[in-house]
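What follows is a short report on a single structure.
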Amino acid sequence: MFLPKIYPITDTRITNLSHAAQVVKLIEGGAEFIQLREKYASPKDFYEDARKALEIARVENVKIIINDRVDIALALKVDGVHLGQTDLPPVEARKILGEKAIIGFSTHNIAQAIEASKFPIDYLAVGPVFATQTKENPDEIVGLEGVEKVREAIGDFRLVAIGGITLANFREVLEAGADSVAIISDLLVEPDKIPEKFRDFIELSESIRKLC
Ligand code: TZP
Ligand code: MG
């Protein structure tokens with residue numbers, strides 16, 4: 001599975017845009033792998049919006065991951081699902097979605113990350129790395145040291161860092177050992193500028209790569 005360095009996540013409250021409209025803008029900026037995260041809409045409304053988002057993504061060969069909802073992921077045959085500590089256990093999601101599905105799993109400390117590295121998942125996420133306004137009742141901040149410690153503990157396992165990541169701290173998060181960074185507010189806060197902002201992240205990521 002290919003996991004790009006920049007992993008955008010949609011948010012309809014920050015943008016006041018549908019998931020499908022955000023997917024259009026993110027793809028315009030160069031996104032290849034997008035998570036649809038919906039905490040408020042009804043399953044039916046989320047399903048309809050995600051269906052449109054998927055239709056757009058398929059044309060461009062962009063992967064779509066659904067947050068929380070294994071049922072919607074299965075119904076739409078999206079590429080995968082992202083689960084948290086209180087969602088359906090990854091082992092059950094794997095049984096339902098099959099071998100090819102991409103399954104991601106959120107962790108918030110080293111013990112959870114070590115446990116998760118034994119699950120049938122494709123990547124694990126750790127966070128919040130920094131303070132975030134986006135998640136309700138976020139866990140304690142893990143900081144860059146948390147990312148470093150998780151990296152040490154899980155070896156080569158694919159690691160996504162999340163929470164308060166911006167253009168300004170992107171580089172240090174990668175240097176702490178993340179393979180990829182998941183971003184919500186910094187990408188979406190100015191909805192008209194989503195493509196531009198995404199391109200800024202790509203440009204920065206390229207310049208970091210050249211320096212390494
Ligand atoms: N999980 C940990 S922090 C977070 C989630 C979903 C929110 C990340 O959003 P932002 O706006 O990039 O801080
Ligand atoms: Mg969840």
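Read the numbers this way: they start at 1 and go in the same order the structure lists the ligands and their atoms. The basis for the numbers below is simple: all heavy atoms, side chains too, and nothing from hydrogens, waters or symmetry mates.
Ligand 1 lies out of reach of P138, whose nearest heavy atom is not under 4.0 Å from it. Assignment of H108 to the shell around ligand 1 is not supported, since no heavy atom sits closer than 4.0 Å.
Which parts of ligand 1 touch T132 is read off a 4.0 Å heavy-atom cut-off, strictly below it: atoms 3 (S), 7 (C), 8 (C), 9 (O), 10 (P), 11 (O), 13 (O). Near G164, meaning under 4.0 Å from one of its heavy atoms, ligand 1 places the atoms 10 (P), 12 (O), 13 (O). Heavy-atom contacts of S185 reach the following atoms of ligand 1: 10 (P), 11 (O), 12 (O) (cutoff under 4.0 Å). Ligand 1 places these atoms under 4.0 Å from at least one heavy atom of R37: 6 (C).
Look at E28 and K25 and you find no salt bridge, because none of the NZ, NE, NH1 or NH2 atoms lies under 4.0 Å from a carboxylate O. Between E55 and K52, no side-chain nitrogen of the basic residue sits less than 4.0 Å from a carboxylate oxygen of the acidic one, so the salt-bridge criterion is not met. Ion pairing between E152 and K149 fails under the 4.0 Å rule for side-chain N and carboxylate O. Ion pairing of D71 with R69 is present here, as a side-chain N (NZ or NE/NH1/NH2) and a carboxylate O approach within less than 4.0 Å.
Among D122, D79, I103, the single residue meeting the side chain to side chain contact (heavy atoms under 4.5 Å, CB included) criterion with M1 is D122.
In this structure, N169 contributes its side chain and T166 its backbone to a donor-acceptor pair below 3.5 Å.
Put simply, the angle at the Mg ion (ligand 2) from OD1 in D68 to OD2 in D87 is close to 100°, to the nearest 10°.
At the top of the distance list for atom 5 (C) of ligand 1, counting protein heavy atoms only, stands I162 CD1, 3.5 Å. Here the protein heavy atom with the shortest distance to atom 1 (N) of ligand 1 is K135 CD, 3.5 Å.
Contacts with ligand 1 closer than 4.0 Å are made by heavy atoms of both the backbone and the side chain of I184.
When all heavy atoms of E32 and P4 are compared, the closest pair comes out as OE1-CB, 3.9 Å. Scanning all heavy atoms of the two residues, the minimum distance from D11 to L188 falls at N-CD1, 3.5 Å.
Residue contacts with ligand 1: G163 is placed with no nitrogen or oxygen under 3.5 Å of a nitrogen or oxygen of the ligand (distance criterion only).
The heavy atom nearest to atom 9 (O) of ligand 1, out of those in T134, V129, N67, is found in T134.
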